[in-house]
Visitor: 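Below you'll find the structure I mean.
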Amino acid sequence: MSRHRAIRNLNLEDEMDDDYDDDYDDYEDEENPEKQYTYDRNSLSTNYYTYLTDSGRNSPALPAPHPGIPSSSYHPPVSTPTPTAAPTTSLSSTIVRNMTAPLLHQNQKPPKNLNSRPSTPQTSSNLNTPKRTPQVKNLQAESTTPTVSRPSSEVDLTSFRRNQLQNIAKAPSVARKTPKPRVADKDLINLIVVGHVDAGKSTLMGHLLHDLEVVDSRTIDKFKHEAARNGKASFAYAWVLDETEEERERGVTMDIGRTSFETSHRRIVLLDAPGHKDFISNMITGTSQADAAILVVNATTGEFETGFENGGQTKEHALLLRSLGVTQLIVAVNKLDTVDWSQDRFDEIKNNLSVFLTRQAGFSKPKFVPVSGFTGENLIKRMELDWYDGPCLLELIDSFVAPQPPSDGPLRIGISDVLKVASNQLVVSGKIESGEVEKDDKVYIMSSVTAATVKECANNDGSRHCFAGDYILLTLQGTFEPESIQTGSVVVRAGPDTLIPSKKFEVRLVAFEIAMPIIKGAKAELYAHSLCVPCTFTNLLYTINKSNGEILKKGPRFIAKGASAVVEIETEYDIAIETFTSCRALGRVTFRAGGNTIAAGIVEKVITPQ
Amino acid sequence: MKQFKRGIERDGTGFVVLMAEEAEDMWHIYNLIRIGDIIKASTIRKVVSETSTGTTSSQRVHTMLTVSVESIDFDPGAQELHLKGRNIEENDIVKLGAYHTIDLEPNRKFTLQKTEWDSIDLERLNLALDPAQAADVAAVVLHEGLANVCLITPAMTLTRAKIDMTIPRKRKGFTSQHEKGLEKFYEAVSTAFMRHVNLQVVKCVIVASRGFVKDAFMQHLIAHADANGKKFTTEQRAKFMLTHSSSGFKHALKEVLETPQVALRLADTKAQGEVKALNQFLELMSTEPDRAFYGFNHVNRANQELAIETLLVADSLFRAQDIETRRKYVRLVESVREQNGKVHIFSSMHVSGEQLAQLTGCAAILRFPMPDLDDEPMDEN
C-alpha cells in the first residue's frame, strides 16, 4: 500500500525516462515543459494501453514535440495525438485500463542504474526483485558480468547448451560504429488494415494502390477480366493483395498481404490483414509489426452490426491493435455507396464505434472517414458530399506520425518468415525491433542458439544499413539444421544484453470478455511478435485491483472476465521473449484459446529455474 | 485384457493372473501396479557362468521370476512397462535379493499380487476386462505448418506423429513458394497418416483445422492414397469427419471433442464424457463460482458437508508413490459414492485429464453454493 502511495507522488519525468534508457539525456530537457506527459493521479483513468505506449515504440507523442528533428516539420497539425488527453478521469471501467498502476512498480527502479547502458535489460529483473539476488549469487560469481545472473533457462538443458548461452552472454559486446543517422526525407510507417471479414479491406487497398498508380491499369484490367470469368467481378481490386490461388478462389484473404507506396510526406508499408476469425493468428503477426492502423467497417445495413456485435471481429481486432501497441487509428466506413452515402448511417456507426474505441479499447482520437472501396470515392481525392468536408483517406494516411524507434537498444530482429533454408545459408525476413544491423555482423538466432553471419541485409529501399523499425530481408550464413529456425525466432548479438531464451514467465494480464474463466492448468496459444506457441497457465499468483494496482487476492481460484492478474505461464519449449521493460515488442503477449482472444498482457519476469 | 485367475480375499489381499492383449491394457496395468506389489512373470536374464579354467561365458536364459516392485516405468509409445525390483523367490540362476527388471508387454502372462486391492483398483481391473470398451478414433488436427496425428482410445490419447514445418508466407510475386511449402506439408501429413492409422480398425477419423486447411488436406489425402494404391473404399471414406478447430496444437483436441457433430459420433467414449464433465465444471466456475471448487482441501471440506454432486479426479493421483496420498483420495472417492455423488476418474493421457492434473488433479461440482470455502487456503500442489 504505502509503496504505491509513494510512487504516486514521484515525479513522472524520471519515471517515463526509465523506459527510455539511453534516450534519457536527449529528452530530459524537452520533456520538462511537457506537462501533459507528466503523470498525475487523474490520468490514471486512461487505460493501460495508453500508459504502455506513451513512451513506446509507437509513441508519436514524445518525438513529435522535439523541435530538433527536422522531419517533424512535416507533421501536419492534425497528426499529434496527445495520449494523456484521452478519456476523462471518471471514465467507467474499461476492460483494459487496469494495468496502469501495476506498471508503476517497474518504474521504481532508480534511474541512475538504468542509465548505465550495458547492464540495463538483464539486470532489470534483478532490480525488480532484490530478494532473489542471494539465490543466484553463485552463478553471478562464475561470470564477470552481472547479466549471467539470469541462469540458463531449462533444467534439463544439456550442459553444452548452457555453456553456450553463458559464453554468448559473457562475450564482450562489440563496439558499434557510431550509428549513421539515416538520411531519409520521408518517415516510414508500417500500416495495417484490419476489420471484420468481408468489410472490404483488400478491395479498398487494392483500389487505393491502383489510384496511386502503384498497380497499373493493365494489371487491374487483367484481374477484372479473370475475376469476371470466375463470377467474382467485385473481387478484382482485392486480387492486387490476395495473390495466392486459394485466396482468389475463395475470395478471402488468408495471410498478410504486404506492399508499399509513398504519399507526399510518408513512405508507407501496407499490411493487409485477413479478417476471417480463423486467420486472426496471421493478423496478430502483422499487427505486431505495425505502427498505425486502418479499421475498415462495412456500412451496409446489417453488416456493420454483424461485425461489431457478438462474434464479430471488429471489436476483437480493435482490442488486439491496442494490446499490441498500435495507437494511431483511422476508421474507414466502407461501402457507403450501398446506403446512398447516407449521413445518418455514417453518424450512427461513428457514434457506436467511438464509444467503444475510446472507452473500452482506449484509442485517444480515432478519425472517421466515409469511403467506398469498390467505386473508389474519397480515397485519394476529396469527394463532394454536403455533410462531409474532411480529408480523404490518403490525406489521413499522410498525417500518421512515425514512431521514434529505440535504435540504440540491443539488436532484436523478430523473424516473421523463413524463405529459404539450406544447410549453410538462410534467407529470412523480419522486423528490427531495436538496434541496427549491417553486412558481416556476427549474430545469434534464439531460441535455437545458432551462430550466423549476416551476408546480406536490405530493407524496402535497398538500404544496406538497417535500423529499428525497418522490415528487412536478411541472408545469413552459418550451419543450420533444417526446421531449427522457425518464425518467431529472434536474431540477437552476443554480449551482456543478449536474449536468453526461457520457457517460464511471469505475465501481468487482463482477461477479455471470456465465457470461461482462466484457471490454473488452462491451455492457450501464446502470441508474441510473430511467435505462436502453446502454453499453460501454471500458476495464478494474484489478482489486481484495476484502478490502483493493489493486490486483491493471492492465489485466486480463477481469473474472471475483465479481471487483471499476475500469472505464471510455461511454454512447451524455450522461446525468445523478454521482459516488457527490456524490449517492448518482445514483451507484449496475447493469449488465445478456442479461437478467441482470452487475454493480453506484458511479460514481467523471465523465470529461470534455480 | 484376459484374466486367468482371480484370488482376492475379502480383506483385500490377493492376486490375479492377467494377460494384456492390446496397447490400452498396458495403460490399465500401469495404473494397477504400485511400488511394493509383487509381480511374477517369465523374463529373460543374462547369466554369466565361469568354467573351471576361468573363462567366462554369458547366456540369456528364460526364467520365471518373482520380484517386489521398486520402480515403475511406462513407455506409452512402445507400449512397454518396465518394472524394477528385488527378487523374492530364489531359483537356480537368480539369487534372493538380486535386482531384476521385468518388461511387460502385450501377450505376456503375469501374476500381480497386492497386499491391498482397494475399490479403485477393482474398478480399474473390471474396466480393463470389459471387452466392449474398445473404440478407437483417429484424429488429425492441423493448421498451416503444424499437424498432430493422434489415436484416441478409451483411456488414452496417443500422439502418433507430429509434423512441424515452416511454410514460407505469401510474398509479393513469390506465391509459388508458399504453395509449394503447403503441398510438401500436406504430403508429409498424408504419409504419416497412412503409416499410423489403420482404417480397418478405427471407427472414425476426425480431421480438424481452421479455415480451409482440412478440405485441402482431405483432397490431398485421397489423392495420396490413390497414388499409393490404397484407394479408400466408400466405407472407409464414410469414416472421415471434417470439423473446425482453432489451431493444430494437441490441446485443440479438447475443442474438437466438444463440437456437437463429433460428440454425436463418439457419444459414449470415455474421452467425450471427460470433456463434458470438465466443461460443466468450467462453465460453473464462470457462472456460479461458489459451486465449483478444486484442490484437495476445498473438495474435502465440501465432501464433509455432503455437498459434492460430481467429483473429478485425475488417475495420476492414484499412482502416487506415497501410499497415504493414495488412500486419502480413495477414501474421498468412496465417500462421494456413498452419498450418491457421481465420480469421474480422468485419464491423464487425455487432453482433458492433462488439464485436470494441472488443476491439482481434483475438482468438484457442488450441490449447493458454499461461499465461505473461498476464504480457506488452497493447498499447494
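So that the names make sense, note that chain A is the first sequence line, chain B the second, and so on, each numbered from 1. Fair warning: this is a prediction, and the values are worked out from it, not measured in the lab.
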Visitor: Looking only at heavy atoms, which two atoms of B:Phe185 and B:Gly145 are closest? And how far apart?
Guide: CE1-C, 3.5 Å

Visitor: Is A:Ala522 in contact with chain B via its backbone, its side chain, both, or neither, using a 4.5 Å heavy-atom distance?
Guide: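 For A:Ala522, heavy atoms of backbone and side chain both lie under 4.5 Å from chain B.
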
Visitor: Applying side chain to side chain contact (heavy atoms under 4.5 Å, CB included), run through B:Leu317 and B:Cys362 and close with a yes or a no.
Guide: CA-CA 9 Å; B:Leu317 293 174; B:Cys362 178; 4.2 Å; yes

Visitor: For A:Glu245, is it the side chain, the backbone, both, or neither that has a heavy atom closer than 4.5 Å to a heavy atom of chain B?
Guide: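 Both backbone and side chain.
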
Visitor: What part of B:Glu258 gets closer than 4.5 Å to chain A, counting heavy atoms only: side chain, backbone, both or neither?
Guide: neither

Visitor: For A:Val533, which atoms come within 4.5 Å of any heavy atom of chain B: side chain, backbone, both, or neither?
Guide: backbone

Visitor: Is it the case that atom NZ in A:Lys232 sees more than 12 heavy atoms from other parts of the structure closer than 6.0 Å?
Guide: yes

Visitor: For chain B, which of A:Pro517, A:Cys532, A:Ala524 has the most heavy-atom pairs under 4.5 Å?
Guide: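 When all of A:Pro517, A:Cys532, A:Ala524 are compared, A:Pro517 has the most.
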
Visitor: Side chain, backbone, both or neither: which part of A:Lys553 has an atom under 4.5 Å from a heavy atom of chain B?
Guide: side chain

Visitor: For B:Phe368, does the six-membered ring have the charged nitrogen or CZ of B:Arg291 within the cation-pi criterion, i.e. under 6.0 angstrom from the centroid and within 45° of the normal?
Guide: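 The answer is no; the distance or angle limit is not met.
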
Visitor: Pair A:Val428, A:Thr475 - check side chain to side chain contact (heavy atoms under 4.5 Å, CB included), show working.
Guide: CA-CA 7 Å; A:Val428 297; A:Thr475 309; over 6 Å; no

Visitor: Given heavy-atom pairs under 4.5 angstrom as the criterion, report whether the side chain, backbone, both or neither of A:Ser429 touches chain B.
Guide: neither

Visitor: Heavy-atom distance under 4.5 Å to chain A: side chain of B:Leu284, backbone, both or neither?
Guide: neither

Visitor: If you count heavy-atom pairs under 4.5 Å with chain B, which of A:Ile485, A:Ile519, A:Thr538, A:Val418 comes out on top?
Guide: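 Winner by heavy-atom pair count: A:Ile519.
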
Visitor: Chain B: which of A:Val252, A:Leu419, A:Ile256 shares the most heavy-atom pairs with it under 4.5 Å?
Guide: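 Maximum pair count with chain B is reached by A:Leu419.
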
Visitor: Between A:Arg258 and A:Tyr471, is a side chain to side chain contact (heavy atoms under 4.5 Å, CB included) present by the stated rule, with each step listed?
Guide: CA-CA 11 Å; A:Arg258 182 189 300 276; A:Tyr471 187 81; 3.3 Å; yes

Visitor: Most heavy-atom pairs under 4.5 angstrom with chain B, which of A:Ala560, A:Ser416, A:Ala593?
Guide: A:Ser416

Visitor: Chain A: which of B:Glu179, B:His251, B:Met165 shares the most heavy-atom pairs with it under 4.5 Å?
Guide: B:His251

Visitor: Are any of the side-chain nitrogens in B:Lys250 or B:Glu354 under 4.0 Å away from the carboxylate oxygens of its partner?
Guide: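 Salt bridge flag = yes for B:Glu354 with B:Lys250.
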
Visitor: By a 4.5 Å heavy-atom criterion (distance strictly below it), what part of A:Arg592 contacts chain B: side chain, backbone, both, or neither?
Guide: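 When you check distances to chain B, no heavy atom of A:Arg592 falls under 4.5 Å.
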
Visitor: Given a strict heavy-atom distance threshold of 4.5 Å, which part of B:Ala357 is in contact with chain A: side chain, backbone, both, or neither?
Guide: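 For B:Ala357, there is no contact with chain A at all, as no heavy atom is under 4.5 Å.
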
Visitor: Just checking, is any N or O donor in the side chain of B:Glu255 or B:His244 under 3.5 Å from an acceptor N or O on the other one?
Guide: no

Visitor: Take atom CD in B:Gln261; do more than 12 heavy atoms of anything else shown fall under 6.0 Å from it?
Guide: yes

